[in-house]
Student: 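Sharing a structure, written as structure tokens. Questions coming.
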Amino acid sequence: MSSQHIEQSSWERAVRIIKPDQFDSNTPQTAGMRRISAVSKQLADTKGVWAGVTDVQPHVGTGKHHHGDQETVIYVVTGSIQMIWGDNLEFQADATAGDFIYVPPFVPHKERNAGDIPSQWVIVRTGQEPIVVNLETTDANL
């Protein structure tokens, strides 16, 4: 077998297409949202990223959490998000469809869909597995 044939065969398997019916909902969850893995070590043999989709229903807030040492990028596909963050959830900013959100490692946060339509997001994190550390919140209204 020629080295060109081996290289071409390797390239052939390099790109992965993951269809929605292949997504994996067996991933760490936080109250108020539904995370689904789309690109992971298991689904695409990733080397350093994880990606998935998340849905939050209208007028629903998530639990307070962080993602360990992973950086997180959120792209808002539909609806809107009120991002709430800080040790005491003292900061807030709004994002709508088309916006990107960056969340640094270890930042406690929660999201709220204050709108009247479901909000869907694409999430990308550094790391092959999604880290989710759910935290206790002292204010149930957040």
Side-chain angles (χ1 to χ4, degrees), residues 1 3-87 89-142:
M1 191 181 284
S3 63
Q4 182 181 11
H5 181 12
I6 291 171
E7 185 176 308
Q8 185 153 358
S9 176
S10 179
W11 280 119
E12 185 177 351
R13 293 187 305 273
V15 174
R16 309 289 167 78
I17 306 296
I18 300 96
K19 302 282 188 181
D21 64 349
Q22 296 172 286
F23 293 177
D24 184 3
S25 61
N26 187 23
T27 188
Q29 301 294 328
T30 298
M33 64 176 20
R34 183 173 145 247
R35 287 188 192 92
I36 299 174
S37 291
V39 178
S40 64
K41 180 164 179 58
Q42 292 77 20
L43 294 170
D45 195 27
T46 60
K47 307 299 183 243
V49 298
W50 175 92
V53 291
T54 297
D55 294 304
V56 177
Q57 294 305 308
H59 308 290
V60 173
T62 70
K64 182 179 174 184
H65 61 284
H66 69 74
H67 301 286
D69 64 356
Q70 295 180 337
E71 294 176 281
T72 301
V73 173
I74 301 169
Y75 175 73
V76 183
V77 178
T78 61
S80 61
I81 304 175
Q82 288 180 332
M83 287 297 296
I84 305 162
W85 71 94
D87 286 330
L89 300 174
E90 63 268 33
F91 304 103
Q92 178 179 318
D94 295 330
T96 58
D99 291 343
F100 280 88
I101 301 165
Y102 170 72
V103 182
F106 298 104
V107 171
H109 64 281
K110 65 182 289 165
E111 300 89 354
R112 181 171 29 173
N113 178 357
D116 294 328
I117 64 169
S119 186
Q120 184 177 63
W121 326 324
V122 172
I123 300 175
V124 178
R125 290 204 194 100
T126 56
Q128 292 177 291
E129 297 295 330
I131 296 172
V132 177
V133 178
N134 291 310
L135 305 167
E136 293 291 319
T137 183
T138 56
D139 187 343
N141 295 322
L142 293 175

Student: Let me know which of V56, V53, V73, D55 forms a side-chain contact (heavy atoms from CB on, under 4.5 Å) with W121.
Tutor: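 Only match with W121 under side-chain contact (heavy atoms from CB on, under 4.5 Å): V56.
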Student: Do T126 and E71 get their side chains close enough for a donor-acceptor pair, meaning under 3.5 Å?
Tutor: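 No donor-acceptor contact under 3.5 Å links the two side chains.
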Student: For V39 versus A44, what's the shortest heavy-atom pair and its separation?
Tutor: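 Heavy-atom minimum between the residues: CG1-CB, 4.1 Å.
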Student: Identify the heavy atoms of G86 and F91 that sit nearest to each other, and give their distance.
Tutor: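 So the two residues come closest at CA-CD1, 4.1 Å.
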Student: Which pair of heavy atoms, one from T27 and one from R35, lies closest together, and at what distance?
Tutor: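 Heavy-atom minimum between the residues: CG2-O, 3.2 Å.
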Student: Assess the side chains of H109 and H65: does a donor N or O sit below 3.5 Å from an acceptor N or O?
Tutor: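 A pair is found: one side chain offers a donor N or O, the other an acceptor, under 3.5 Å apart.
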Student: Under the side chain to side chain donor-acceptor pair (under 3.5 Å) test, which residues partner K19, sequence neighbours left out?
Tutor: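 Counting only residues at least two positions away or on another chain, K19 forms no side chain to side chain donor-acceptor pair (under 3.5 Å).
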Student: Compute whether any side-chain donor of one residue and acceptor of the other, for Q42 and E129, lie under 3.5 angstrom apart.
Tutor: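 Judged by distance alone, the side chains do pair up.
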Student: Do you see a donor-acceptor pair shorter than 3.5 Å between the side chains of N134 and H66?
Tutor: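 Side-chain D/A pair, N134 to H66: absent.
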Student: Tell me the closest heavy-atom pair linking T78 and P118, and the distance in Å.
Tutor: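 Reported closest heavy-atom pair: OG1-O, 3.5 Å.
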Student: List the residues meeting ring-ring contact (aromatic ring centres under 6.0 Å, His included) with F100, not counting sequence neighbours, and say none if there are none.
Tutor: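 With sequence neighbours excluded, F100 shows a ring-ring contact (aromatic ring centres under 6.0 Å, His included) to Y75, given in chain and number order.
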Student: Which one of N113, D99, D94 satisfies the side-chain contact (heavy atoms from CB on, under 4.5 Å) criterion with S80?
Tutor: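 Between S80 and the candidates, side-chain contact (heavy atoms from CB on, under 4.5 Å) is satisfied uniquely by N113.
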